[in-house]
Every structure is written in C-alpha cells, then in structure tokens.
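Heads up: the structure comes next, in structure tokens.
Just so you know, residue 1 is the first one in the sequence shown, and it goes up from there.
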Amino acid sequence: MGRFDDALAAPGLAAIAEIKRRSPSAGDLRPGADPALIAPAYAAAGAAVISVLVDARFGGTWDDLRAARAATDAPLLAKGFFSTEEHLRTAREAGADAALLLLRDLDDAQAAHLLRVASALGLDTLVEAHDGEELDRGIALGAPVLGVNARDLSTFAIDRRTQLELVARVPRDRIVIAESGVHTRAQGAAAELAGADAILVGSALMRAADPAAKLRELLSRPLVKVCGLTRQEDVDAAAEAGADMAGFVLVPESPRAAHAVLEVPDGMLSVAVWVGEAGDAGADLDQVHTVEAGKVRGREAALLRGGEQVARVLDLPWEGTDPDHWARAAEAEGRVVLAGRLDPANVGEAIAAVQPWAVDAASSLESAPGIKDHARVRRFVEAARR
Ligand SMILES: O=C(O)c1ccccc1N[C@@H]1O[C@H](COP(=O)(O)O)[C@@H](O)[C@H]1O
C-alpha cells in the first residue's frame, strides 16, 4: 500500500479534495485557482488526498501538480485521461502519489498493463467506473482502490442513487470512493453509509467562497437530525436552518405521528421512524425502535440503510430519564446518533460529552405536539454547529 491507499483506508469518511479551474460540464469554476495556495489549505482542512487536474479541458497543466507538490506533503492524485506509460511516468516525476485510470477509455488489457506500470513506478491508482459493467471490470482487474463516479462523462448527468447502489456492492477488501455530486454534508454522509471510504469533491469546493472552509463543513460531525416532522412548512424550516436529516415518526400512537415521509430537499436525508419493524415509506434511512410493553417506543433504535444497520440511535426511556445516558453513549462503539430530549441549551454540552456521529431532537423543538417552533429549530442547529 502506498501513501494514497493508506490515507484513504483510515477509519471514518475521508475526502479527496480537488483542484480544477473549469470543467467541460460546468464551464469556469475558479479560473484563478492557485494550487500552491489551495493544496496546503485543503490539507489543513482535513483532506486525506488532494486531486489535481492536469488536463487542458479542465484548465490544468502538469505544472499545477508540481506546484501542489512543492506546497504540501499530502498525498496527491494526478487526474487526466491517462492511457500510456509516458503519462504515468510524467505523473510520478511531477510528484503524484497516485493516478486516475478511467475504465470508460481503457479496455481490460490496457487497464491491466497500466496497473502494472503504475505499480512498478511506485504509483497508486484510482480505477474509476461509472456503471455496473465498468465496476465489475475494475473488481475483476483486482484494483485496490475503486471510484464510482456519479457523473456520466458522456452526458454529464449526475445519478447519485445508482452511484450509491454501486458503492454498496464493492467488496469490503477494496477501498471505494464516491466521486462527484457531493455538495452537502448529508450527501457525503449518504456515501459514507453506503460504504464509501472517501468522497471525491471538486465543483462544490471550487465554487465555494472559501474552498477549505467548505471542505471542513462537508467533513464536520455531528450531523443534525430534526425529527417528529408532520408539516411541509416545518421540513422547509429545518432545511433552511441547515439540518442534515429530517425525521418522520410513522407510529400512530406517537404525539408527533406523521402520515407519510414528506418531501425533503435533495441535499438532506429523510428518515422514517418505526417501532418494531420497518415498513416501506421510501425514505433514505429507516430508524427502528425496540418494542417496550406499555410504552410508545423502546429506548434504542437501529438506523438502517437498505435494511442494513449503519448506526445506533441511543435515546432516553420513553417519558423517563437516566443520569448516565450521555456517559453510556460516550462509551458506545460505532456510529452513534444521540437522542433524548436534546434542545438548544443542552446540545453543545451533549456533543462535548459524547462526540456522536449525529444528534437528534424532536419533542423539545415543538410549540405543540407535532408542530415545530421554527426559532427553536434554528437555535438547535446553530448550537449543534458551534
Ligand atoms: O417521539 C416520539 O413520539 C417517538 C415515537 C416513536 C418512535 C420514536 C419517537 N421519537 C424519537 O425519539 C428521538 C428523540 O426524541 P426527543 O427529542 O427525545 O423527543 C427521535 O429520534 C424521535 O424520532
């Protein structure tokens, strides 16, 4: 394993942060981007790897890679349409730790040859697929790092749903990267929950007023879930406040029972909340609480993606309390969604004590059962981000 593979295999969601001045799909993104300034800023903001476009169609040159190399020690990925040994040798000499190999443009024999050449040069590779057939080829070629690009390079259309389905079926012994289409923290989290080791982000960073600050935002945790939503105007208020997840309690006995999962903006994740077993409400995620006799819900819940558990929701007893709740949650393994009467006043302290993957509030953000107080929702999200 080289430095590129190592950096991506670290626990948690990593990011490959990209430097590109323009793209064929979007036109100019950041025409004056200076790799000597942006590369170290990305590294300081938590990028595991920095990707540099060296192709003229993206406004890039090999000198951009050299400038990034001189400015940071972080692993660098050379991105372009590489098809010859000469391309890979140039990438290595310019300071790349890894190079992109696009299966769309290479047949199996060419790809296998370039994988061998890269290995002999001490260069790691990112083998990119866009559809199921290309992904199967990448897996069969034994590529250690596979990328699934949400963007169709022929039409430029973005298809996140298919991308995540493909990410989810990559064997666990490979490193998998969700490439393109990530603009929000929740979209990055969706890739993480599908099994991606890293996201590759270009346009969203290059368009941001401060690319490094945007990268920090995408990687920051905890996510914020506003739950118990029953009205579209409350979903919109949660989105406006910057919440990442919108929860709908599909439990008739609940004081905040919803009839359905309402429309949630593209940049957020919807969560259907159940007791006992999940139905099919078409949400991105399902939250399934344990059953407890005489109570509306049991204390714990599993957060599921496609039927597979991806996190634990740790809550207080129904209408009860537990002085050890946060201390026990802090000891829990894996991704923890902390719930249990969180509000704008206690969420900061709860985050400091538990370091959860997400925080979740429902009842304390209400003006009446099932009706959200928009000012409290805003204050909750603000307090969770501090
Ligand atoms: O709140 C309910 O009525 C409820 C009913 C059935 C299942 C889950 C329910 N609530 C979930 O509890 C957490 C936190 O809520 P709170 O902030 O303590 O009120 C949240 O995930 C709700 O979905």
Query raised in the report: Between R104 and E134, is there a side-chain N and carboxylate O pair less than 4.0 Å apart?
Result: no
Query raised in the report: Got a salt bridge between R137 and E133, using NZ or NE/NH1/NH2 to carboxylate O under 4.0 Å?
Result: no
Query raised in the report: Between the side chain of Q287 and the main-chain N/O of A301, is any donor-acceptor distance below 3.5 Å?
Result: no
Query - Short N-O contact, R385 and E382, less than 4.0 angstrom - result: no
Report task. Output yes when R221 and E192 qualify as a salt bridge under the 4.0 Å nitrogen-oxygen rule, no when they do not. Result -> yes
Query - Modelled atom types, side-chain donor and acceptor of E128 and H130, under 3.5 Å - result: no
Report task. Flag yes if W326 and V347 sit in one hydrophobic cluster, no otherwise; membership is Ile, Leu, Val, Met, Phe, Trp, Tyr, and two members link when side-chain heavy atoms are under 4.5 Å apart. Result -> yes
Query raised in the report: Can we say D286 and R305 salt-bridge, meaning some charged N sits less than 4.0 Å from an Asp/Glu carboxylate O?
Result: no
Query raised in the report: Under 6.0 Å from the six-membered ring centre of F81 and within 45° of its axis: does the NZ or CZ of R57 meet both?
Result: yes
Query - Flag for R92-H87: side-chain donor and acceptor within less than 3.5 Å - result: no
Query - Reported CG-to-NE2 distance for the pair L316 and H325, which is rounded to 0.5 angstrom - result: 4.0 Å
Query raised in the report: Is the shortest distance from a Lys or Arg side-chain nitrogen in R328 or D322 to a carboxylate oxygen in the other one below 4.0 Å?
Result: yes
Query raised in the report: In terms of side-chain geometry, is the basic nitrogen of D234 or K372 positioned less than 4.0 Å from the acidic oxygen of its partner?
Result: no
Query - R299 and E292 ion-paired at < 4.0 Å - result: no
Query - Donor-acceptor pair between E233 and H374 side chains, under 3.5 angstrom - result: no
**Report entry** Any side-chain donor near an acceptor of the partner, R256 and T230, under 3.5 Å
**Finding:** no
Report task. Please check if atom CG in D324 has more than 12 non-hydrogen atoms from other residues, nucleotides or ligands closer than 6.0 Å. Result -> yes
Requested in this report: Report the C-alpha separation of S363 and R341 in whole Å, then their side-chain angles, then the decisive distance to 0.1 Å, and conclude whether the side-chain hydrogen bond (donor to acceptor under 3.5 Å, both in side chains) test is met.
Outcome: CA-CA 7 Å; S363 54; R341 261 157 275 137; 5.1 Å; no
